[in-house]
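Presented below is the structure to which this report refers.
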Amino acid sequence: MDFRGPVHRKVLERMGLWEAIHERRTRLGKQSLLDASGRSVVELPALMMSGDVELHRGDLCELLFERTREAAEYRFGDAPTALRETPEGVEVEFERHAPQRFDLVVGADGLRSSVRSLLFGAAGDPLRHHGYRVVGCTLRNTLGLRQRGVIYSEPGRGVSVTSAHDEEWVRALFVFTGGPLGPHERSPDSAREAVSAVFAGAGWETRQLVAGLREADDVYFDAVGSVQLARYSQGRVVLLGDAAWGGTLGGQGTPLAMVGAFVLAGELLASPDSPQEAFARFEARMRPYATPAQDGAKRVGGFFAPRTRFGLLLRNRLYRMLTSKPLERVFEKLVTHAACAFELPEQGGAFAWPRHRLGGDFPDAPSRRHG
Ligand SMILES: Cc1cc2nc3c(=O)[nH]c(=O)nc-3n(C[C@H](O)[C@H](O)[C@H](O)COP(=O)(O)OP(=O)(O)OC[C@H]3O[C@@H](n4cnc5c(N)ncnc54)[C@H](O)[C@@H]3O)c2cc1C
């Protein structure tokens with residue numbers, strides 16, 4: 001997960017998280033586009049792939065959990081099964097816990113949000129497919145990489161391998177052309193099967209990476225897509241992060257979710273008695289920021305695995321040019337533009353943002369019963 005530019009940094013600073021995130025950074029450096037002999041043909045600067053600061057998803061989750069566990073009640077292994085709005089709030093039914101009423105419900109439950117399905121109905125799935133699939137896993141560092149990454153591509157298939165602070169292990173990402181996936185087609189075994197079939201006969205070191213995938217125990221498999229929703233909220237229920245505007249990868253989903261949470265909290269504190277107004281302002285601010293950033297998810301497959309030999313050649317030429325010394329500044333702008341294109345509300349006007357929060361005291365919020 002990476003953060004780039006002053007908007008992301010300011011939000012993390014106001015949440016009191018910047019230093020802790022910086023401490024946990026991966027320090028991942030350059031990434032090289034390789035040819036079949038393993039020779040680097042283009043060196044991509046760290047800023048493009050890992051922003052100003054990058055950290056592992058698990059490290060961020062752990063940090064957020066540690067900083068909020070005293071103030072929020074966490075219930076693991078449960079999920080909402082029904083939402084019903086009443087004049088007093090939202091009645092929520094759960095798989096395992098007893099039903100409960102909340103003032104508001106914030107669905108921050110990812111790309112396949114069940115809050116979103118409960119709110120808008122499961123029909124008319126808003127997840128648009130972009131023609132690629134992705135498999136991720138952790139492998140032994142047989143390539144001997146140290147805080148750098150490599151990307152090897154052939155038409156329609158590509159693999160990226162990155163080594164961060166743990167030198168023994170690397171993160172591998174197999175990206176390849178393919179259709180959408182049904183809910184039962186994303187198992188680790190299906191991923192291994194798909195990658196073995198698609199990467200059969202591929203060059204460079206792909207054979208041993210595919211062999212490593214067979215042993216990996218943290219296999220992730222999904223189709224690349226993005227959520228396109230007509231609205232982020234209805235009544236007292238609002239969607240946040242991937243649930244509202246997410247793209248599988250390449251769309252700066254983590255910082256967008258964090259900025260979104262910050263903006264939503266601000267708007268709710270400014271209009272404690274009218275969540276609908278707060279949600280409308282939240283959407284008005286976030287939609288123009290999230291939508292262009294999300295376009296990254298449409299392009300990410302074509303970057304890792306251009307469909308044709310010509311496309312591959314073109315990609316390499318383009319990035320060689322963009323990463324050349326004279327275009328250094330232009331490239332920097334290109335890879336930070338979407339992240340910076342946001343006017344952060346000056347929190348402290350309509351309400352005082354709890355600067356020391358996520359580690360200190362909660363302000364007297366209108367209600368603590370926010371689901
Ligand atoms: C391979 C890969 C690489 C990526 N790399 C990057 C990157 O480098 N930089 C970046 O910014 N983003 C990256 N992303 C995207 C990033 O992971 C997401 O955009 C980000 O995690 C969105 O945060 P979120 O909190 O909205 O959703 P999520 O992180 O998906 O969190 C949703 C949470 O809701 C829970 N949940 C889901 N359904 C239910 C349910 N029914 N009941 C209860 N809980 C539920 C889930 O368990 C999960 O904990 C990557 C994604 C992938 C797949």
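Both counts, for ligands and for their atoms, begin at 1 and track the order of listing.
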Next on the checklist: Within ligand 1, which atoms have a heavy atom of G110 less than 4.0 Å away?
Outcome noted: 27 (O), 30 (O), 32 (C)

Checklist entry - With backbone taken as N, CA, C and O and side chain as the heavy atoms from C-beta onward, which portion of A79 lies under 4.0 Å from ligand 1: side chain, backbone, both, or neither? => result both

Item to check | Geometric cation-pi criterion, R75 with F94: 6.0 Å, 45° | outcome: yes

Item to check | Candidate pair F303 and L33, rule side-chain contact (heavy atoms from CB on, under 4.5 Å), full reasoning | outcome: CA-CA 11 Å; F303 170 76; L33 299 179; 4.3 Å; yes

Checklist outcome for this item: min-distance protein heavy atom vs atom 21 (O) of ligand 1 -> R57 NH1, 3.1 Å

Checklist entry - Can a protein heavy atom be found under 4.0 Å away from atom 12 (N) of ligand 1? => result yes

Item to check | R14 charged N/C atom sitting above F262 aromatic ring, 6.0 Å / 45° | outcome: no

Checklist entry - Given that the side chain starts at C-beta and the backbone is N, CA, C, O, which of these parts of R112 lies under 4.0 Å from ligand 1, counting heavy atoms, or is it both or neither? => result neither

Checklist outcome for this item: For A223 and G179, the nearest pair of non-hydrogen atoms, with its separation, is CB-O, 4.0 Å

Checklist entry - For ligand 1, is there an atom lying under 4.0 Å from some heavy atom of P255? => result yes

Item to check | Contact atoms of ligand 1, heavy-atom distance to Y220 under 4.0 Å | outcome: 53 (C)

Item to check | Any donor-acceptor N or O pair under 3.5 Å, side chains S32, R148 | outcome: yes

Item to check | R27 backbone acceptor or donor facing R25 side chain under 3.5 Å | outcome: no

Checklist outcome for this item: Cluster membership besides V219, Ile/Leu/Val/Met/Phe/Trp/Tyr side chains within less than 4.5 angstrom, sorted by chain and number, is L34, V135, L139, L143, L145, V150, Y152, V159, V161, V170, F174, F176, L181, V195, V198, F199, W204, L209, V210, L213, F221

Item to check | Atoms of ligand 1, numbered as shown, that sit under 4.0 Å from any heavy atom of T248 | outcome: 15 (C), 50 (C), 51 (C), 52 (C), 53 (C)

Next on the checklist: Measuring only between side-chain heavy atoms, which start at C-beta, is S114 closer than 4.5 Å to P80?
Outcome noted: yes

Checklist entry - Is Q252 close to ligand 1, meaning an N/O of one under 3.5 Å from an N/O of the other? => result no

Next on the checklist: Just to confirm my output: which protein heavy-atom neighbour is closest to atom 23 (O) of ligand 1, and how far is it?
Outcome noted: A257 CB, 4.0 Å

Next on the checklist: Please find the pair of heavy atoms, one from P180 and one from E185, that lie closest to each other, and give the distance.
Outcome noted: O-OE1, 4.4 Å

Checklist entry - What are the atoms of ligand 1, with element, lying closer than 4.0 Å to any heavy atom of D242? => result 18 (C), 19 (O), 20 (C), 22 (C), 26 (O)

Checklist outcome for this item: Only residue of L240, V92, V105 satisfying side-chain contact (heavy atoms from CB on, under 4.5 Å) with V115 is V105

Item to check | Per-atom contacts, ligand 1 versus D78 - under 4.0 Å to a heavy atom | outcome: 42 (N), 43 (C)

Checklist entry - So F65 and Y74, would you call those rings parallel, tilted or perpendicular, with 30° and 60° as cut-offs? => result perpendicular

Checklist entry - Nearest protein heavy atom to atom 4 (C) of ligand 1, by residue and atom, and its distance? => result L249 CB, 3.9 Å

Checklist outcome for this item: The protein heavy atom nearest to atom 45 (C) of ligand 1 is D109 CB, 3.8 Å

Checklist outcome for this item: Closest to atom 20 (C) of ligand 1 among protein heavy atoms sits T254 OG1, 3.7 Å

Next on the checklist: As a quick check of understanding, evaluate side-chain contact (heavy atoms from CB on, under 4.5 Å) for V300 and Y132, giving each step before the final call.
Outcome noted: CA-CA 9 Å; V300 72; Y132 282 88; over 6 Å; no

Checklist entry - Nearest protein heavy-atom contact for atom 41 (N) of ligand 1: which residue, which atom, what distance? => result S114 OG, 2.8 Å

Checklist entry - Judged by modelled atom types alone, do S226 and H130 share a side-chain donor-acceptor pair under 3.5 Å? => result yes

Next on the checklist: Give the atom numbers and elements of ligand 1 that come within less than 4.0 Å of a heavy atom of G241.
Outcome noted: 26 (O)

Next on the checklist: List ligand 1 atoms under 4.0 Å from D2, heavy atoms only on the residue side.
Outcome noted: 7 (C), 8 (O), 9 (N)

Checklist entry - Starting from atom 17 (O) of ligand 1, which protein heavy atom do you reach first, and at what distance in Å? => result M1 CE, 3.5 Å

Checklist entry - If you count the atoms of ligand 1 from 1 in the order shown, which ones are under 4.0 Å from a heavy atom of L173? => result 1 (C)

Item to check | Any A108 heavy atom less than 4.0 Å from ligand 1 | outcome: yes

Checklist entry - Does ligand 1 have any atom that is closer than 4.0 Å to a heavy atom of P80? => result yes

